[in-house]
Visitor: 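Below are the structure tokens for one structure; questions will follow.
On a predicted model such as this, the values are computed, not experimentally measured, just so you know.
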Amino acid sequence: MTKLCGVKALPFLVLVLVLTVLGEQAQAHPCGSTFFSALIQMIPCRAAVAPFSPIQPSEACCNAVKTLGQPCLCTLVNGPPISGVDRNMALQLPDKCTANFEPCEIMKK
């Protein structure tokens, strides 16, 4: 019976190990270099990046920009078009939030 339990526990242990490694990678790169994960994490900035929006970025937006940093913003700016988001307004977020990182390079499509 002990051997049988050990065999059943092996897949669980492998799952725990994989989740631990993935969790550590996600902490190293918070947006995971994927468009959709960056988009979800930048939701607090939605009002500030709407076309012709006079709304300044909220504290929550600026915290997201500073926490996620330049790689996440660049992932969004260089990703597919987002309905209701002005890319130029998104590019201004680091300056408006006094985030200290390099501007994004816009990739030509």
Side-chain angles (χ1 to χ4, degrees):
M1 185 76 166
T2 308
K3 195 171 202 172
L4 183 61
C5 289
V7 172
K8 287 184 178 181
L10 184 60
F12 176 74
L13 292 174
V14 170
L15 177 64
V16 169
L17 179 63
V18 168
L19 290 176
T20 302
V21 170
L22 290 176
E24 289 172 2
Q25 288 176 347
Q27 289 175 350
H29 301 286
C31 67
S33 298
T34 66
F35 176 79
F36 291 109
S37 60
L39 179 63
I40 288 168
Q41 294 182 54
M42 296 296 282
I43 286 175
C45 299
R46 187 174 176 187
V49 296
F52 308 107
S53 175
I55 299 172
Q56 292 297 310
S58 66
E59 184 177 346
C61 171
C62 289
N63 287 339
V65 169
K66 291 173 184 176
T67 300
L68 297 174
Q70 187 242 22
C72 292
L73 185 61
C74 294
T75 297
L76 285 174
V77 170
N78 287 307
I82 308 166
S83 178
V85 174
D86 182 327
R87 290 177 194 265
N88 291 324
M89 303 266 304
L91 286 170
Q92 295 173 17
L93 286 174
D95 286 337
K96 289 181 178 181
C97 291
T98 62
N100 189 18
F101 51 79
E102 295 294 317
C104 299
E105 284 188 31
I106 306 300
M107 294 181 190
K108 301 292 182 196
K109 295 181 183 182

Visitor: I need the C45 SG to M89 CE distance, nearest 0.5 Å.
Guide: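 The CE atom of M89 is 11.0 Å from SG of C45, to the nearest 0.5 Å.
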
Visitor: Under the side chain to side chain contact (heavy atoms under 4.5 Å, CB included) rule, collect the residues that match up with I55, sequence neighbours excluded.
Guide: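 Only A47, S53 meet the side chain to side chain contact (heavy atoms under 4.5 Å, CB included) criterion with I55.
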
Visitor: Could you check whether any side-chain heavy atom of V85 comes within less than 4.5 Å of a side-chain heavy atom of R46, counting everything from C-beta outward?
Guide: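 No, too far: nothing below the 4.5 Å cut-off.
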
Visitor: If the condition is side chain to side chain contact (heavy atoms under 4.5 Å, CB included), which residues does A60 pass it with, not counting sequence neighbours?
Guide: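 For A60, the residues satisfying side chain to side chain contact (heavy atoms under 4.5 Å, CB included) (neighbours in sequence not counted) are P44, S58.
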
Visitor: If you compare the SG positions of C97 and C61, is the separation below 2.5 angstrom?
Guide: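 Answer is no, sulfur atoms not closer than 2.5 Å.
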
Visitor: Could you give the distance from SG (C74) to CZ (F101), rounded to the nearest 0.5 Å?
Guide: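 The SG atom of C74 sits 7.5 Å away from the CZ atom of F101.
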
Visitor: Is it true that, when you exclude F36 itself, more than 12 heavy atoms of the residues, nucleotides or ligands shown sit nearer than 6.0 Å to its CZ?
Guide: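 Atom CZ in F36 is not crowded, with 12 or fewer foreign heavy atoms closer than 6.0 Å.
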
Visitor: If I compare all heavy atoms of L68 with all of P71, which pair ends up nearest, and what's the gap?
Guide: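 Heavy atoms of L68 and P71 come nearest at O-CD, 4.1 Å.
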
Visitor: For a quick test of reading the model, state the closest non-hydrogen atom pair linking A99 to V65 and the distance between them.
Guide: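 Looks like CB-CG1, 4.2 Å.
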
Visitor: To the closest 0.5 Å, what do you measure between CD (Q41) and CG (L39)?
Guide: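 Q41 atom CD to L39 atom CG measures 10.0 Å (nearest 0.5 Å).
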
Visitor: Working to the nearest 0.5 Å, report the span between CG of L73 and CE of M42.
Guide: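 Rounded to the nearest 0.5 Å, the CG-CE separation comes to 5.5 Å.
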
Visitor: Treating R87 as the side-chain partner and L76 as the backbone partner, does any N or O pair qualify as donor plus acceptor under 3.5 Å?
Guide: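 At least one qualifying donor-acceptor pair exists.
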
Visitor: With sequence neighbours excluded, what pairs up with N63 under the side chain to side chain contact (heavy atoms under 4.5 Å, CB included) test?
Guide: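 Checked N63 against side chain to side chain contact (heavy atoms under 4.5 Å, CB included); matches are E59.
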
Visitor: List in chain and number order the residues that pass side chain to side chain donor-acceptor pair (under 3.5 Å) with K96, two or more places apart in sequence or in another chain; answer none if no residue qualifies.
Guide: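 Counting only residues at least two positions away or on another chain, K96 forms a side chain to side chain donor-acceptor pair (under 3.5 Å) with Q92.
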
Visitor: Checking D95 now: which residues fulfil side chain to side chain contact (heavy atoms under 4.5 Å, CB included) with it, not counting sequence neighbours?
Guide: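 If we apply the side chain to side chain contact (heavy atoms under 4.5 Å, CB included) test to D95, skipping adjacent residues, there are no hits.
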
Visitor: Take N78 and E105, measure what side-chain contact (heavy atoms from CB on, under 4.5 Å) needs, and give me the verdict at the end.
Guide: CA-CA 8 Å; N78 287 307; E105 284 188 31; 5.7 Å; no

